[in-house]
Amino acid sequence: MTAWWKVLGQPVLTPEVQKKLIDSVHAEVGSRSIDELTAERDEILLGLIELRTKGAKTLAASKASARVA
């Protein structure tokens, strides 16, 4: 994971940074279970796939009508 950070310079996961990350994750998660978080993630991903599919269909229809005109 830290290999991704090369563009950021030399980040260091000090104990303070680790605590801030952990506290922030706990604040975001709240009391939700892993199953609840998984369901939320899956719902968002399915929505993105649906939007992408609709966008592709709209683009194809637009191109097809442009060829006819």
Side-chain angles (χ1 to χ4, degrees):
M1 181 174 176
T2 55
W4 301 341
W5 295 352
K6 287 182 182 178
V7 295
L8 298 176
Q10 298 290 325
V12 178
L13 286 176
T14 64
E16 294 81 17
V17 172
Q18 290 176 18
K19 181 175 179 356
K20 184 169 183 157
L21 285 169
I22 292 167
D23 291 346
S24 297
V25 169
H26 285 162
E28 181 66 30
V29 168
S31 62
R32 293 177 289 173
S33 69
I34 294 293
D35 288 339
E36 290 169 319
L37 293 168
T38 301
E40 182 179 339
R41 178 209 58 202
D42 292 349
E43 184 178 330
I44 291 168
L45 289 173
L46 289 172
L48 289 171
I49 291 168
E50 183 179 345
L51 283 172
R52 185 175 182 189
T53 301
K54 285 181 182 179
K57 287 179 182 177
T58 302
L59 181 61
S62 177
K63 286 181 179 181
S65 66
R67 282 188 230 132
V68 173

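In what follows, every heavy atom counts, from backbone to side chain, and hydrogens, waters and symmetry copies are set aside. Being a predicted model, the structure only gives us computed values, none of them experimental.
A pairwise comparison of heavy atoms in S62 and S65 identifies O-OG, 3.0 Å as the closest pair.
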Problem - Stepwise salt bridge (Lys or Arg N to Asp or Glu O under 4.0 Å) check, E50 with K54 - result: CA-CA 6 Å; E50 183 179 345; K54 285 181 182 179; 3.2 Å; yes
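Residues near I34 contribute nothing to a hydrophobic cluster around it, because no ILVMFWY side-chain heavy atom sits closer than 4.5 Å to its side chain. Hydrophobic clustering, defined by side-chain heavy atoms of Ile, Leu, Val, Met, Phe, Trp and Tyr closer than 4.5 Å, groups L37 together with V25, V29.
With values rounded to the nearest 0.5 angstrom, Q18 atom CD is found 8.0 Å from L21 atom CG. Note: L51 CG to L46 CG = 11.0 Å, rounded to the nearest 0.5 Å. For the atom pair NZ of K20 and CD1 of I22, the computed distance is 13.5 Å after rounding to the nearest 0.5 Å.
A search for side-chain hydrogen bond (donor to acceptor under 3.5 Å, both in side chains) contacts involving D23 returns K19, not counting sequence neighbours.
At a threshold of 4.5 Å between side-chain heavy atoms, the hydrophobic network of Ile, Leu, Val, Met, Phe, Trp and Tyr places V7 and L13 in one connected group.
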